[in-house]
Amino acid sequence: MFLGAPGAGKGTQAEIVCEKYSIPTISTGALLREAMAEGTELGKAAKSYIEAGNLVPDSVVIGIIDERLKKDDCKGGFILDGFPRTVPQAEALDAMGVEMDLVISIEVPDEKIIARMSGRRLCKDCGTSYHLIYNPTKEEGKCDKCGGELYIRKDDAPEVVKSRLEVYHTQTEPLKDYYEAKGKLVIVEGQEKVEDTTALTLAAIEKSRG
Ligand code: AP5
């Protein structure tokens, strides 16, 4: 599981790790954005929370995760990115009988995050995340993986990022203590370069696998 502030690099690392170990990444943020793009009831309900930088209610995201983890592709393991984000969500995961092998918290100071978020671009079709400076696409404006068009997330506006950081510190950060108490937490200091954070992340995973 990846924990960390918005923009810490959870999605970027999850993408790399899931390819390496051939397991799926389950990102509640990505699932909610998909629902918003499709205009489903879930998407309509989530939109106002997400665009204001608030958390979607626990009952909604717990339901999404419960459904998703029942799918066959999760049988050989999976990565959680962006879930749980509150103590009640972590307790719900425990109640589902899901035990994490490892919880990696990627730590990046708030000032760096605010600067970083303005350069993020996402693929409209496959959701892959890029950065204008730190992780650029080969061809400007086009996804390297599927050729899709890139867009800027509405919740990456600086004032929304500030609210998301506040929400992170008050509601999500307590999860570090929750998983520390279970002996599952490893802190990875987010580095300037994506590949340097990947090296630390993979070292933590390999160490936990013995
Ligand atoms: P979600 O999509 O989960 O957003 P988030 O946690 O705010 O995280 P981000 O996706 O913004 O950042 P990230 O850490 O994945 O960073 P990334 O790798 O993209 O959630 C969105 C919203 O959905 C929430 O605000 C909430 O409303 C709702 N939601 C989702 N889950 C929920 C839940 N469980 N409960 C309730 N509500 C929920 O990297 C960021 C940028 O930096 C990219 O451009 C990247 O290329 C670049 N970058 C990455 N690593 C580096 C590096 N080492 N150096 C330089 N740049 C880097």
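We're numbering straight along the sequence, starting at 1. Order of appearance sets the numbers: ligands from 1, and atoms from 1 within every ligand.
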message = If we only consider heavy atoms of Ala5, is any one of them less than 4.0 Å away from an atom in ligand 1?
response = yes
Taking a cutoff of less than 4.0 Å between a non-hydrogen atom of the residue and any ligand atom, is Gln13 in contact with ligand 1? no
| field | Check: Pro84 N/O within less than 3.5 Å of ligand 1 N/O | value | no
inquiry  = Check this for me: Tyr49, atom OH, are more than 12 non-hydrogen atoms of other residues, nucleotides or ligands nearer than 6.0 Å?
reply    = no
for atom 15 (O) of ligand 1, nearest protein heavy atom and its distance come out as Gly11 N, 2.8 Å
Does Ala8 come within less than 4.0 Å of ligand 1, judged by its heavy atoms? yes
If we number the atoms of ligand 1 from 1 as shown, the ones under 4.0 Å from a heavy atom of Gln89 are 33 (C), 34 (N), 35 (N), 36 (C)
Do Lys184 and Glu99 sit within salt-bridge range, that is, some charged N less than 4.0 Å from a carboxylate O? yes
Notebook entry, point to check: Would you say Arg33 contacts ligand 1, with heavy atoms under 4.0 Å as the rule?
Noted result: yes
State, yes or no, whether a side-chain contact exists between Leu55 and Val61 at a heavy-atom distance under 4.5 Å.
no
* So, is Met117 polar-close to ligand 1, with some N/O to N/O distance under 3.5 Å? -> no
May I ask you to decide whether Asp156 forms a salt bridge with Arg164, counting only side-chain N to carboxylate O separations under 4.0 Å? yes
Taking only non-hydrogen atoms of Ile50 and a 4.0 Å limit, the atoms of ligand 1 in range are 23 (O), 27 (O), 28 (C)
among protein heavy atoms, the one nearest atom 37 (N) of ligand 1 is Val56 N, 3.0 Å
Checking heavy-atom distances from atom 25 (O) of ligand 1 to each of Arg164, Met36, Lys47, Glu15, the winner is Arg164
For atom 9 (P) of ligand 1, the closest protein heavy atom turns out to be Arg120 NH1, 3.3 Å
A student comparing Arg116, Arg153, Lys10, His131 should find that the heavy atom closest to atom 10 (O) of ligand 1 comes from Arg153
Short version for Thr197: what comes under 4.0 Å of ligand 1, heavy atoms counted, is side chain
Do the side chains of Glu159 and Lys162 get close enough for a salt bridge, i.e. N-O under 4.0 angstrom?
no
Atom 44 (O) of ligand 1 sits nearest the protein heavy atom Tyr130 O, 2.7 Å
- [ ] Take atom CD of Glu206 as the centre, draw a 6.0 Å sphere, and report whether it contains more than 12 heavy atoms from other residues, nucleotides or ligands.
- [x] yes
Atom 45 (C) of ligand 1 sits nearest the protein heavy atom Thr12 OG1, 3.7 Å
_Side-chain heavy-atom pair Thr128, Leu122 within 4.5 angstrom cut-off_ = no
TODO: Assess Gly7 for proximity to ligand 1: is some non-hydrogen atom of it under 4.0 Å away?
DONE: yes
Taking Asp73 first and then Arg68, would you say they form a salt bridge - that is, a charged N and a carboxylate O separated by under 4.0 Å? yes
Between the CG atom in Leu175 and the CE atom in Met1, the distance rounded to the nearest 0.5 Å is 7.5 Å
Atom 6 (O) of ligand 1 has as its nearest protein heavy atom Arg85 NH2, 2.4 Å
Atom 53 (N) of ligand 1 sits nearest the protein heavy atom Gln191 O, 2.8 Å
Using a 3.5 Å cut-off on N or O atoms only, is Gly53 in polar contact with ligand 1? no
When distances are taken from atom 29 (N) of ligand 1, the protein heavy atom at minimum range is Leu32 CD1, 3.6 Å
